[in-house]
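Working notes, beginning with the structure itself.
Note on naming: letters A, B, ... go to the chains in the order of the sequence lines (proteins, then strands), and numbering restarts at 1 for each one. Reckoned from all heavy atoms, side chains included, excluding hydrogens, waters and symmetry mates. Just so we're clear, the structure is a prediction, and the values are computed from it rather than from any experiment.
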Number of protein chains: 2
Amino acid sequence: MSTKNQHQDRSPCPLASALDIVGDHWTLLIIRDLMFMGRHEYKEMLEAWEGISSNILSNRLEKLTSSQMIDSVPHPESKRRKLYYLTEKGKSLLPVIAELTIWGFAQKKSNKVPPHLKELLTGSRTKLTKKVLNSLTKWEKTYL
Amino acid sequence: MSTKNQHQDRSPCPLASALDIVGDHWTLLIIRDLMFMGRHEYKEMLEAWEGISSNILSNRLEKLTSSQMIDSVPHPESKRRKLYYLTEKGKSLLPVIAELTIWGFAQKKSNKVPPHLKELLTGSRTKLTKKVLNSLTKWEKTYL
DNA sequence: TCGATTCACTTGCAAAACACAAGTAAAAAT
DNA sequence: ATTTTTACTTGTGTTTTGCAAGTGAATCGA
């Protein structure tokens, strides 16, 4: 439950500030799950990718919630489950994640991307932004 | 001199791949120095910002060099000094850093940016890209 | 209805990364 | 010749991470 972050407010540089919030190995992957992969539950995120540790996931969800990047509601089908989703602030990271993803793909062509996200790596930024934000809005209309 | 990275090749996801390379607190700040701040020497980077540890700086320069994001030449005025600079691969991070910087600035308005970089936060992406790349080319013509 | 399972976390501990201070060797300045 | 500068390295303690094993409440299945 440590809320202390060694790098908080390290600098008046906006890049450093951004890295204080999202500059670790896991935070952006969690946001990616919420943004692109349709994974909104703790368990789904745990099972996804390469296996984040449960304590790290818990810690990052807590930090993201307290910095108001994400929020959660109880799952309609179960009281113990939660549905996490991106706030507007969290959604505003879309351009960052898009550029990082495009860059990562350019560096390592062996990477795989689900077909419905292929266009993220090739199409125009504005088109991608619209598509993603639309899909998030759709989800919100169903669950919020 | 540890070259091991616990997160290398964690995933076939391009975002995860990108984070394996630049997803720590210091790497992007070093690249920012080379890209925007005109800091090309070890000592300048050490003195900059909030104080990176010398061993961490050394380690990151080594990693960035081995992943061919940066390279170095001996300083024309001194044999023991080095001039670091971005390779094409390193320069290709410009859109990523630009978006992160813009995002960081939007989150924390109290951040300060040197005047000649103000337009990074407001103007068009393409204009900024040209300006930055031109300034890097200019530097290269002088020192390489 | 009642034990088994699922879920969202905690806890404990070892390993890795990091920060800080001090040191080093070669080059350059005095 | 001595001191200072530069680009690192080394040592040590602290913080963060990864992994395995809980935990307690909710839900399932018989």
Side-chain angles (χ1 to χ4, degrees), chain A residues 1-11 16 19-30 33-34 39-66 70-85, chain B residues 1-11 16 19-30 33-34 39-66 70-85:
Chain A
M1 200 170 290
S2 84
T3 43
K4 197 174 76 174
N5 182 334
Q6 73 182 165
H7 283 303
Q8 256 165 6
D9 283 335
R10 180 171 45 178
S11 157
L19 291 173
D20 287 341
I21 301 175
V22 299
D24 74 289
H25 279 291
W26 294 111
T27 298
L28 285 180
L29 292 178
I30 291 171
D33 267 16
L34 293 169
R39 292 197 266 257
H40 294 267
E41 296 187 41
Y42 186 91
K43 192 196 169 202
E44 291 173 322
M45 297 179 191
L46 260 191
E47 288 168 352
W49 356 295
E50 314 65 35
I52 186 175
S53 296
S54 60
N55 53 352
I56 303 292
L57 176 55
S58 179
N59 173 272
R60 293 294 129 75
L61 288 172
E62 188 183 286
K63 279 186 181 176
L64 284 169
T65 302
S66 79
I70 67 175
D71 206 345
S72 63
V73 289
H75 194 292
E77 293 175 5
S78 164
K79 277 171 195 163
R80 67 188 160 179
R81 285 155 75 193
K82 281 184 190 174
L83 287 175
Y84 293 95
Y85 62 95
Chain B
M1 199 171 289
S2 85
T3 45
K4 195 173 77 172
N5 182 334
Q6 73 183 165
H7 282 302
Q8 257 165 7
D9 283 336
R10 180 172 44 175
S11 157
L19 291 173
D20 287 340
I21 302 175
V22 299
D24 75 288
H25 278 291
W26 294 110
T27 299
L28 285 179
L29 292 178
I30 291 171
D33 267 16
L34 293 169
R39 292 197 266 257
H40 294 266
E41 295 187 43
Y42 187 91
K43 193 197 168 199
E44 292 173 321
M45 296 179 190
L46 260 191
E47 288 169 352
W49 356 294
E50 313 63 37
I52 185 174
S53 296
S54 60
N55 53 351
I56 302 292
L57 176 56
S58 179
N59 173 274
R60 293 297 127 81
L61 289 171
E62 190 183 285
K63 279 186 180 174
L64 284 169
T65 302
S66 78
I70 67 175
D71 206 345
S72 63
V73 289
H75 194 292
E77 294 176 4
S78 163
K79 277 171 195 163
R80 69 191 157 174
R81 286 154 74 192
K82 281 185 189 175
L83 287 174
Y84 293 95
Y85 62 94

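- Remark: Arg60(B) is in phosphate contact with dC18(C), judged by side-chain N or O atoms under 4.0 Å from OP1 or OP2.
- In this structure, Leu64(B) atom CG and dC8(D) atom P are separated by 13 Å, rounded to whole Å.
- For His75(B) and dT6(D), the NE2 to P distance is 10 Å, given to the nearest whole Å.
- Leu29(A) places its CG atom 13 Å from the P atom of dT17(D), with the value rounded to the nearest Å.
- Mapping Ile52(B) and Ser58(A) onto DNA chain C by nearest heavy atom places Ser58(A) closer to the 5' end of the strand.
- Among residues two or more places apart in sequence or in another chain, the side chain to side chain donor-acceptor pair (under 3.5 Å) test is passed with Thr27(A) by Asp24(A).
- Between Ile52(A) and Met45(A), the shortest heavy-atom contact is CG2-O, 4.0 Å.
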Protein N or O to nucleotides 20-26 of chain D N or O, pairs below 3.5 Å:
{"residue": "dA26(D)", "atom": "N3", "partner": "Arg80(A)", "partner atom": "NH1", "Å": "2.8"}

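- Atom CG in Asn59(A) sits about 15 Å away from atom C1' in dA8(C), given to the nearest Å.
- Contact annotation: Trp26(A) does not reach the phosphate of dT16(D) (side-chain N/O to OP1 or OP2, under 4.0 Å).
- For Ser54(A), the side-chain contact (heavy atoms from CB on, under 4.5 Å) partners two or more places apart in sequence, or in a different chain, are Tyr42(A), Leu46(A).
- Electrostatic pairing of Glu41(B) and Lys82(B) does not count as a salt bridge here, judged by no charged N lying under 4.0 Å from a carboxylate O.
- Atom NE2 in His40(A) sits roughly 18 Å away from atom C1' in dA8(C) (whole-Å rounding).
- The side-chain contact (heavy atoms from CB on, under 4.5 Å) check on Thr65(A) picks up Ile70(A), with sequence neighbours excluded.
- The separation between His25(A) atom NE2 and dT16(D) atom C1' is 12 Å, rounded to whole Å.
- Checked against dT17(D), dC8(D), dT6(D), the side chain of Arg81(B) finds its nearest nucleotide in dT6(D).
- Atom CD1 in Ile56(B) sits roughly 15 Å away from atom P in dC8(D) (whole-Å rounding).
- If you find the closest nucleotide of DNA chain D to Glu44(B) and to Asp24(A), the one lying nearer the 5' end belongs to Glu44(B).
- Every residue meeting the side chain to side chain donor-acceptor pair (under 3.5 Å) condition with Arg39(A), not counting sequence neighbours, appears here in chain and number order: Asp33(A).
- Phosphate proximity of dT6(D) to Lys43(B): present, with a side-chain N or O under 4.0 Å from OP1 or OP2.
- Between Lys63(A) atom NZ and dT17(D) atom C1' the separation is 11 Å, expressed in whole Å.
- Residues that satisfy the side-chain contact (heavy atoms from CB on, under 4.5 Å) test with Asp71(A), not counting sequence neighbours, are Tyr85(A), Thr87(A).
- The side chain of Tyr42(B) contributes no N or O atom lying less than 4.0 Å from OP1 or OP2 of dT9(D).
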